[in-house]
Amino acid sequence: MLSNKHFIVVGLGKSGTAAIKALLNRNAKVTAYDENVNATSPVDHPKFSLVTGPLPTQFPAVDSIVVSPGIPLSHAAFQLAQKNGTPVFGEIELGFRLRPQSAGPLLGITGTNGKSTTTALLGEIVKHQFPNTFVGGNLGTAFCTAFEHVDSKPFDFHVVEMSSFQLEGIVDTSFLGAAILNLTADHIERYSTLEAYGDAKARIFLNQPKNGFAVLNADDVHCQRLETKAHVPVSHFSISKSADAHMSGVDEFSSKGIGFRVKNRALRGNHNSENAMAAVLMAQHAGIKNDLIQRGLDTFGGLPHRLEFVREVRGVEWINDSKATNVDSSLVAINAMQKNVWLILGGKGKGAPYAPLVKAAKGKVKGILTIGSDAPVIKQEFMGEFDIHECGTLSEAVKKANRFSQIGDTVLLSPACASYDQFKNFEHRGDAFKVLVKEL
Ligand code: ADP
């Protein structure tokens with residue numbers, strides 16, 4: 001079908017590379033563009049060529065253009081191509097078009113926070129009933145990887161994390177189930193308003209089938225505004241009020257009248273209860289048996305760098321929450337803790353005030369250990385109310401926390417800052433922390 005069709009793939013990241021491989025395996029011709037002049041070809045194939053450097057103002061005439069999520073579709077060259085009748089879409093759309101007839105449905109998850117956790121958890125749950133389930137998208141494996149080979153065995157389900165950028169690039173992609181977890185102004189650099197950002201998220205409802213279902217957060221007003229965009233029955237979850245899924249105890253919730261436990265270290269905190277309720281509603285609608293859903297809640301191992309349990313050393317629990325690169329994320333982490341916390345904070349600050357953390361830390365945090373370039377600002381904010389130890393480096397912070405902590409305490413790395421002043425990225429920071437803790 002695609003034999004000798006010519007595609008342009010823009011962006012050589014994970015999704016662009018997956019798109020290229022899937023297309024070449026179908027005998028299409030592919031020209032890739034990447035702005036990075038040092039980019040190298042991900043494949044060695046006679047039908048593949050690579051153009052590096054700034055994107056042209058006009059692309060050559062081709063059959064379709066596949067754009068990576070990092071590149072805005074508003075770029076003049078895409079607008080022009082579309083005007084000239086060339087279809088322009090994202091890698092998810094390509095995957096959707098390449099999937100075999102017998103492939104199972106898509107369950108999509110979006111929102112500002114909690115997408116990866118909810119996707120991984122729903123994947124875990126669905127796999128207990130359908131082991132042959134694809135889990136990926138924005139998280140982990142690119143969607144096109146599921147259809148890389150023409151003759152690969154079709155998946156029974158596809159649990160797909162969708163960023164707003166990926167949702168901008170869909171055309172016909174249809175999600176049997178679609179969840180929007182929440183909406184905050186965290187990522188609005190690419191959108192002029194929160195409304196525009198929400199509209200991009202609501203594209204997840206665009207082509208849902210008649211038997212489709214949607215899941216929304218009843219506690220989030222911005223999320224609720226998007227309900228009108230859904231054309232299928234909507235189920236709600238809430239941490240505070242009665243809804244289709246709502247908390248019935250500290251570690252318990254009921255969803256569609258069935259009780260579930262969330263006594264899993266990987267799912268602590270109210271934010272994770274929300275993620276769990278969203279995943280459970282999606283699973284119930286998708287036909288997963290309730291006992292298998294409970295099993296998934298119990299077996300879920302969590303994702304690295306998100307309130308990740310590292311180890312216990314002499315009765316002290318060590319937790320890696322390096323993914324908390326802003327104040328909001330560290331706030332949910334502190335709120336998820338019981339008491340007696342030694343909190344490692346700092347890195348490259350994002351300019352947001354730390355005041356919400358000071359409030360949440362009261363009565364819970366025994367001491368603050370600061371690292372990185374924003375340490376003076378953090379000290380200023382917490383001074384007077386807390387014991388503050390300036391450590392400079394993560395290794396010093398781990399050393400000091402180990403010295404100060406006592407049986408029953410928790411040491412939490414939840415920096416509320418980006419990592420770039422001392423590390424390559426948050427993963428690098430979290431991995432460094434885990435190595436230091438394992439050496440104690
Ligand atoms: P995403 O993929 O949307 O970035 P993750 O599951 O990776 O989400 O979680 C990222 C961070 O967002 C977590 O470390 C936590 O601080 C915060 N978070 C997770 N779930 C929620 C939620 N439901 N509401 C608010 N914050 C959350």
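Indexing begins at 1, ligand by ligand and atom by atom, following the structure's order.
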[X] heavy atoms, cut-off 4.0 Å: which ligand 1 atoms fall inside?
X: Glu161; answer: 2 (O)
X: Asn182; answer: 22 (C), 23 (N), 24 (N)
X: Thr117; answer: 5 (P), 6 (O)

Glu91/Lys14 ion pair, N-O < 4.0 Å: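 Looking at Glu91 and Lys14, the cut-off is not met.
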Would His305 count as a contact residue for ligand 1, given that I'm defining contact as a non-hydrogen atom of the residue lying under 4.0 Å from a ligand atom? no
Is Thr112 in contact with ligand 1, taking contact as a heavy-atom separation below 4.0 Å?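 Within the 4.0 Å threshold, so yes.
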According to salt bridge (charged side-chain N to carboxylate O under 4.0 Å, His left out), does anything in residues 413-426 pair up with another residue at least two apart or in another chain? List the pairs.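 Qualifying pairs, neighbours excluded: none.
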Taking distance alone, with N or O pairs closer than 3.5 Å, would you say [X] contacts ligand 1?
X: Ala324; answer: no
X: Asn272; answer: no
X: Lys115; answer: yes

Can you figure out which of Arg306, Glu274, His271, Glu308 has its heavy atom closest to atom 5 (P) of ligand 1? Arg306
Evaluate the side-chain proximity of Phe253 to Val262: yes if any heavy-atom separation is below 4.5 Å, no if none is.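 They are in side-chain contact.
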Test side chain to side chain donor-acceptor pair (under 3.5 Å) applied to Asn402 - qualifying residues, sequence neighbours left out: Arg314
